[in-house]
Amino acid sequence: MNQSAIDQAAAAGVSPLTATGASVSRPFDLSSSRSRNVSERIIGLLLGACGLVSLLTTVGIISVLFFQTVEFFRSVSVFDFYLGTEWLPNRGSDPLYGVLPLITGTLTISVIAMLISIPMGLLSAIYLSEYAPSRVRSVLKPVLELLAGIPTVVYGFFALTFITPNLLQALVGKDRVGAFNALSAGIAVGIMILPMVASLSEDSMRAVPRSLREGGYAMGATKLEVSTRVVLPAALSGIFASFILAISRAVGETMIIVVAAGSRPADLIPNPLQQLQAMTAYIVQVFSGDVSRGSVRYQSLFAVGSTLFLMTLLLNIVSQRLVARFREEYQ
Amino acid sequence: MATQTAGPVHVAAPTRSARPTEFTQSEPIVQVRDLNVHYGAFHAVAGVSFDVPKNSITALIGPSGCGKSTVLRSINRMNDLIPNCRVDGQILYHQVDVNARKVDPVEVRRRVGMVFQKPNPFPKSIRDNILWGAKINGFKGNADELVERSLRQAALWDEVKDKLKENGLALSGGQQQRLCIARTIAINPDVILMDEPASALDPISTLKIEDLMRELERQYTIIIVTHNMQQAARVSDQTVFFSLNEKRQGVLIEASPTAELFTHPRDQRTEDYITGRFG
């Protein structure tokens with residue numbers, strides 16, 4: 001049935017459906033409309049093109065990283081890079097490119113950040129999802145999400161000018177805590193990613209059907225038991241996903257670390273109370289300096305960058321496996 | 001399964017014989033006294049009173065929206081979980097008012113279990129579903145034995161004994177509902193509330209649940225909400241009929257031994273409803 005038939009039927013005061021049902025003379029028409037086919041195809045192409053942009057960007061990033069990294073490994077052996085324990089790219093005649101101190105620097109800050117954000121984020125999520133009265137929740141959740149919009153450089157300032165002097169130096173002692181230190185940067189990164197953990201975990205906990213909670217309550221469970229033994233396990237895959245996103249953000253975080261953690265590569269096992277250099281901070285440091293294109297130091301940035309990329313990729317793959325194994329599907 | 005078909009129900013589904021005399025003698029375990037429930041400004045249930053005798057099955061029937069489920073959920077204080085819900089009046093369980101200030105709803109629910117309309121097993125193994133409630137209630141005995149006994153009582157053991165480690169949600173709807181009954185039995189309650197336990201199930205599963213209820217009646221007291229009058233007539237000893245008054249509030253019309261209610265209803269509204277003339 002085409003549009004004109006509908007119009008005619010409507011004009012005649014008859015419902016179009018009964019009109020077609022009654023019209024025996026008109027052949028029953030199911031053939032497709034040409035103009036609709038064309039527009040559908042164009043829309044499909046447009047949507048596909050948008051998706052393609054992000055795909056091409058990813059391919060572009062990977063290829064840039066890859067080519068420069070290969071160049072870098074012509075000058076420095078892969079073993080020296082990945083197994084070397086000293087990072088001295090500035091040493092004039094004989095620079096050392098052992099990336100391990102940068103990796104442990106990044107990991108130190110990430111671990112501190114996770115120690116802060118995972119427990120606190122999860123507990124806030126449980127509070128928001130299970131305990132908070134709806135009025136409290138309707139205020140807290142937007143505030144939490146607002147926190148995620150604060151520029152990271154501000155968190156860096158906060159770490160440098162508040163956490164270090166007022167918290168760490170006051171508690172541990174001024175002589176034992178450096179002005180730049182990994183702990184304050186780690187705490188700030190943890191606070192930065194906390195809203196993400198809390199908000200995403202809360203979303204997945206609230207998605208757990210009410211009937212499951214009622215099943216728990218009906219057997220004489222307390223709120224705590226329902227929260228931790230029904231809702232939490234059922235929401236685990238979403239909660240895990242939020243952890244992974246948080247770890248990726250922590251590993252890739254730059255500004256806070258540049259501002260608060262310092263720029264001197266630390267030992268293989270860094271002291272969190274002293275300054276260290278993370279992978280991202282090194283990249284910023286060199287790019288903002290006067291490094292010449294094509295030099296080994298320049299290429300080392302890409303080697304460090306691709307290592308960072310591999311780390312987050314690995315993290316994502318491992319965590320997806322974990323999620324698949326531990327998830328409790330409720331529908 | 002035919003639900004609420006027209007025609008006199010007592011002809012289609014004979015009630016159980018020789019029960020009324022037996023149940024009227026037993027002591028009441030739950031006594032509802034002048035129960036009023038509000039959802040915000042909405043007065044959902046008005047002035048409901050009835051007794052539930054021990055080791056019997058009481059069916060709550062009536063048209064949709066007449067407050068049957070609300071009454072049921074008041075007994076184990078599940079309405080506490082609904083914001084803006086206010087319950088007034090007394091619900092005496094073993095002579096103790098469950099709404100009294102010093103009563104902990106958790107303690108009430110440990111003794112008054114509940115099975116819901118839609119089967120809601122936890123997304124855990126069959127075994128863990130049974131043990132979940134027992135564990136939070138401090139069960140220290142033999143877990144294997146408890147799992148087997150509960151599943152046997154719920155008439156599910158033979159169907160699942162070889163797959164206790166499988167997810168409870170992998171079972172069919174009827175099996176899931178029996179699993180929910182089994183996990184309720186596992187905490188050894190006194191009273192079991194059932195909120196339309198068979199309405200989402202096929203006829204064969206429904207019959208299995210009904211058979212099961214008759215078994216369970218020996219040990220437990222069962223209160224069931226059902227839309228299905230034949231079901232009420234088949235399984236229950238006592239039937240409580242609810243309807244709406246002119247203010248659209250759920251009210252109790254008649255509470256009688258089932259055989260009596262379906263054969264000689266005292267109220268015209270009951271008769272209209274059970275003969276399908278309710279409009």
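Throughout, protein chains are lettered first and strands after them, A, B, ... in sequence-line order, and every chain is numbered starting at 1.
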Least distance between heavy atoms, B/P123 atom then A/L212 atom:
CD-CD1, 3.8 Å
Residue part contacting chain A, namely of B/V108, when any heavy atom lies under 4.5 Å
neither
Among B/M78, B/R77, B/Q117, which has the most heavy-atom pairs under 4.5 Å with chain A?
B/M78
Bottom line for A/R210: the part with an atom under 4.5 Å from chain B's heavy atoms is side chain
Working to the nearest 0.5 angstrom, can you tell me the gap between A/R229 CZ and B/D128 CG?
11.5 Å
Minimum-distance pair of heavy atoms, taken over all atoms of A/G215 and B/R183:
CA-NH2, 3.7 Å
Would you mind checking if B/R73 and A/E214 are paired as a salt bridge, meaning a charged N to carboxylate O distance below 4.0 Å?
yes
Given that the side chain runs from C-beta out, which part of B/P83 has a heavy atom under 4.5 Å from chain A: side chain, backbone, both or neither?
neither
Quick one: pull up OH in A/Y217 and CG in B/N76 and give me the separation to the nearest 0.5 Å.
13.0 Å
Quick one: does B/R109's side chain have a donor or acceptor within less than 3.5 Å of a partner on A/A218's backbone?
no
Which pair of non-hydrogen atoms, one from B/W132 and one from A/E225, has the smallest distance, and what is that distance?
CZ2-O, 4.0 Å
Assert top hit (heavy-atom pairs under 4.5 Å, partner chain B, pool A/P133, A/S134, A/A221) equals A/A221
Counting heavy atoms not belonging to A/R213, are there more than 12 under 6.0 Å from its CZ?
yes
Part of B/I187 within contact of chain A (heavy atom distance under 4.5 Å):
side chain
